[in-house]
Amino acid sequence: MKLLSIFGTRPEAVKLAPILLALDGEPQVTSQVCVTAQHRELLDQVLAFFCIDPDFDLDAMRPAQGLNGLLARVIERIDPILAGVRPDRVVVQGDTTTALAAALAAFHRGIPVAHVEAGLRTYCPAAPFPEEANRRAIALIADLHFAPTPAARANLAGERLRGGVHVTGNSGIDALRLVLGQIGATPPADPAKKLILVTCHRRESFGTPFAAIGAALERLARRRDTDILFPRHPNPGLGAAPRQAHALPPLGLPDFVRLMRRADVILTDSGGVQEEAAALGKPVVILRETTERPEAIEAGAAVLAGSDPDRIVGAAEAWLEGIVPPPAPSDAYGDGFAARRIVDALLGRPVDEFIPNRLAPAAWSTLTS
Ligand code: UD1
Ligand code: UDP
């Protein structure tokens, strides 16, 4: 079986890496990798960490790239690769422009598409933008859907799609476990000093929402007992970081995971960070108006605060001051065996499907210590 995995951004690389590593152990599979490089530095950080050496690099990133130019460039550059490799199947992940372009290009050539992290939905095309539309379009094209959670499978079940659905857990949790295995224990932090870790990058928050999030950070920065660390996404559309937050360059995965583990509260609009925080037992203030990852909210481990400074500060302080206890580490999004299930499904083997919240918090203690 000849598989071609196509991806281009940091989160796709993180979530496909465990699957690529598992495919390397399958002698009957020829697994090839094509990166679009929709991201450059962010992607290369992850490729280096997981020692992934792409077979094809489309080098598509441009400064301040527009969605249409990027989509066109990626489709045009993928097509000759598909024609040359003639894979039995293309594998895409998530909801980026790269994932849509790769799925569509494969569809036009009659190549079956497997979709990793299928079925996440807000049912609001404006948020996340353009990802909600991207992933729904990919679902129409794919004939193998790897739903991370039962809720994602339920979404797909309502959409009259073709092909098979497997609940696998999110492979981002596999990646997290690989990282944790490499970095070892984190030294204990100063108990008198609290840490807020912040990331944000969503396009629908450009402008006024980001300014309001900045105002919330400035209020939180007045606390003497709290540091705010803000690894910045390089998208120039984000504008300047608030003065009081300590801005950092985008961190490599091990350094970022170390910080997540040290954090008392995480403020983020990132999908992957929401999932990883739940696995680590870290409370999350979600800097979005809507989310396709409701599991942590339902478990009381995350609060949807949008960009309203009062909601952001209120939720963060409830955790910082211990008014609300920190959540237990949770396997709501994945148990670290998603890659195994996905490879089994790709090879037509029986799949031992993921059941969330099956593991006692103690089983996760190795993740958080
Ligand atoms: C993209 C995805 C989003 C995902 C996010 C993860 C789309 C439409 N959006 O958003 O779903 O959550 O990645 O990070 O696919 N840049 C660099 N270096 C890099 C990466 C980005 O300079 O390594 C800058 C470039 O100027 C680029 C801009 O960031 O133009 C935006 O990158 P782009 O991939 O278009 O969108 P993201 O906002 O990163
Ligand atoms: N991440 C990282 N360095 C950072 C910020 C995030 O390695 O400075 C990792 C994070 O642990 C997660 C992934 O990047 O695995 C999430 O990517 P991002 O937030 O860019 O995208 P999203 O998940 O929102 O699509």
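Reckoned from all heavy atoms, side chains included, excluding hydrogens, waters and symmetry mates. Note that ligands are numbered from 1 as they come in the structure, with each ligand's atoms numbered from 1 the same way.
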- prompt: Numbering the atoms of ligand 2 from 1, which are under 4.0 Å from a heavy atom of Ser270?
  reply: 16 (C), 18 (P), 19 (O), 22 (P), 23 (O), 24 (O)
query: Which pairs with one or both residues in residues 203-212 pass side-chain hydrogen bond (donor to acceptor under 3.5 Å, both in side chains), sequence neighbours excluded?
result: none
field: Proximal ligand 2 atoms for Gly271, defined as those under 4.0 Å from one of its heavy atoms
entry: 22 (P), 23 (O), 24 (O)
- prompt: So do Ile196 and Leu320 actually touch side chain to side chain, heavy atoms under 4.5 Å?
  reply: yes
field: Atoms in ligand 1 with a heavy atom of Pro130 nearer than 4.0 Å
entry: 8 (C)
- prompt: Of Val167, Asn155, Ile355, which is the lone residue that meets side chain to side chain contact (heavy atoms under 4.5 Å, CB included) with Pro150?
  reply: Val167
Heavy-atom check, side chain of Asp95 versus side chain of Pro130, under 4.5 Å: no
- prompt: Any idea which protein heavy atom is nearest atom 3 (N) of ligand 2, and the distance to it?
  reply: Leu251 O, 2.7 Å
message: Judged on heavy-atom distance to atom 37 (P) of ligand 1, which of His39, Arg202, Glu131, Gln45 sits nearest?
response: His39
message: Using heavy-atom distances only, which candidate in Glu41, Glu12, His201 approaches atom 12 (O) of ligand 1 most closely?
response: His201
- prompt: For atom 8 (C) of ligand 1, what is the nearest protein heavy atom, given as residue, atom name and distance?
  reply: Thr97 OG1, 3.2 Å
task: Return the residue, atom name and 0.1 Å-rounded distance of the protein heavy atom closest to atom 24 (C) of ligand 1.
output: Pro234 O, 3.8 Å
- prompt: In the protein, which heavy atom is nearest to atom 23 (O) of ligand 2, and how far is it?
  reply: Gly272 N, 2.8 Å
message: Which residue and atom name correspond to the protein heavy atom nearest atom 30 (O) of ligand 1, and how close is it?
response: Gln65 N, 2.9 Å
Ligand-residue contact atoms, ligand 2 with Val14, heavy atoms, under 4.0 Å: 15 (O)
task: State the atoms of ligand 1, each with its element, that fall below the 4.0 Å cut-off from a heavy-atom position in Leu67.
output: 8 (C)
Selection from Arg203, Gln38, Arg40 by shortest heavy-atom distance to atom 36 (O) of ligand 1: Arg203
message: I need the contact type for Pro231 against ligand 2. Using non-hydrogen atoms and a strict under-4.0 Å cut-off, is it side chain, backbone, both or neither?
response: side chain
query: Who's the nearest protein heavy-atom neighbour of atom 29 (O) of ligand 1, and how far?
result: Asn235 CA, 3.2 Å
query: Can we say Asp143 and Arg89 salt-bridge, meaning some charged N sits less than 4.0 Å from an Asp/Glu carboxylate O?
result: yes
field: N or O contact, Ala64 vs ligand 1, cut-off under 3.5 Å
entry: yes
Atoms of ligand 2, numbered as shown, that sit under 4.0 Å from any heavy atom of Arg202: 24 (O)
query: For ligand 2, which atoms sit closer than 4.0 Å to a heavy atom of Glu276?
result: 10 (C), 11 (O), 12 (C), 15 (O)
task: Please confirm whether the backbone N or O of Pro148 pairs with a side-chain atom of Asn170, one donor and one acceptor, at under 3.5 Å?
output: no
statement: Per-atom filter on ligand 2: closer than 4.0 angstrom to a heavy atom of Pro11 are 17 (O), 21 (O), 22 (P), 23 (O), 25 (O)
- prompt: Is a donor on one side and an acceptor on the other found under 3.5 Å between the side chain of Thr96 and the backbone of Ala99?
  reply: yes
statement: Within the 4.0 Å heavy-atom cut-off, what Leu43 brings close to ligand 1 is neither
- prompt: Between the side chain of Glu132 and the main-chain N/O of Thr122, is any donor-acceptor distance below 3.5 Å?
  reply: yes
message: Heavy-atom distances under 4.0 Å decide this one: backbone, side chain, both or neither, for Pro11 against ligand 1?
response: side chain
query: How far apart are the C-alpha atoms of His201 and Arg232, what are their side-chain angles, what is the distance that settles it, and do they pass the side-chain contact (heavy atoms from CB on, under 4.5 Å) test?
result: CA-CA 8 Å; His201 68 80; Arg232 299 269 294 157; over 6 Å; no
- request: Give a yes/no on ligand 2: does Gln45 have at least one heavy atom closer than 4.0 angstrom to it?
  value: no
- prompt: What residue and atom, counting heavy atoms only, is the protein's closest point to atom 22 (O) of ligand 1, and at what distance?
  reply: Met61 CE, 3.5 Å
task: List for me each residue that meets side chain to side chain donor-acceptor pair (under 3.5 Å) alongside Ser307, sequence neighbours excluded, and say none if there are none.
output: none
- line: Logged contact type for Pro236 with ligand 1, heavy-atom cut-off 4.0 Å, is side chain
query: Got a donor-acceptor contact below 3.5 angstrom from the Lys282 side chain to the Arg261 backbone?
result: yes
query: Looking at His201, which atoms of ligand 2 are within less than 4.0 Å of one of its heavy atoms?
result: 18 (P), 19 (O), 20 (O), 21 (O), 22 (P), 24 (O)
task: Report, as yes or no, whether the 6.0 Å neighbourhood of atom CZ on Arg219 holds more than 12 heavy atoms from other residues, nucleotides or ligands.
output: yes
field: Gln28 side chain reached by Met1 side chain, heavy atoms, under 4.5 Å
entry: no
query: Do the non-hydrogen side-chain atoms of Leu253 and Leu176 ever get within less than 4.5 Å of each other?
result: no
- prompt: Would you say the side chain of Glu295 lies within less than 4.5 Å of the side chain of Tyr333, judging by non-hydrogen atoms?
  reply: yes
- prompt: Does the side-chain hydrogen bond (donor to acceptor under 3.5 Å, both in side chains) test come out yes or no for Ser270 and Thr199, once each step is laid out?
  reply: CA-CA 7 Å; Ser270 160; Thr199 79; 4.8 Å; no
- request: Decide whether an N or O pair under 3.5 Å exists between His233 and ligand 2.
  value: no
message: Using a 3.5 Å cut-off on N or O atoms only, is Leu42 in polar contact with ligand 1?
response: yes
task: Heavy-atom contacts with Leu253 under 4.0 Å: which atoms of ligand 2 show up? List them by number with element.
output: 7 (O), 9 (C), 11 (O), 15 (O)
- prompt: Do we get Arg341 above Phe337's six-membered ring, with its NZ or CZ under 6.0 Å from the centre and within 45° of the axis?
  reply: no
query: Does any N/O atom on Arg10 come nearer than 3.5 Å to any N/O atom on ligand 2?
result: yes
- request: Please say whether Phe256 places an N or O atom under 3.5 Å from an N or O atom belonging to ligand 2.
  value: no
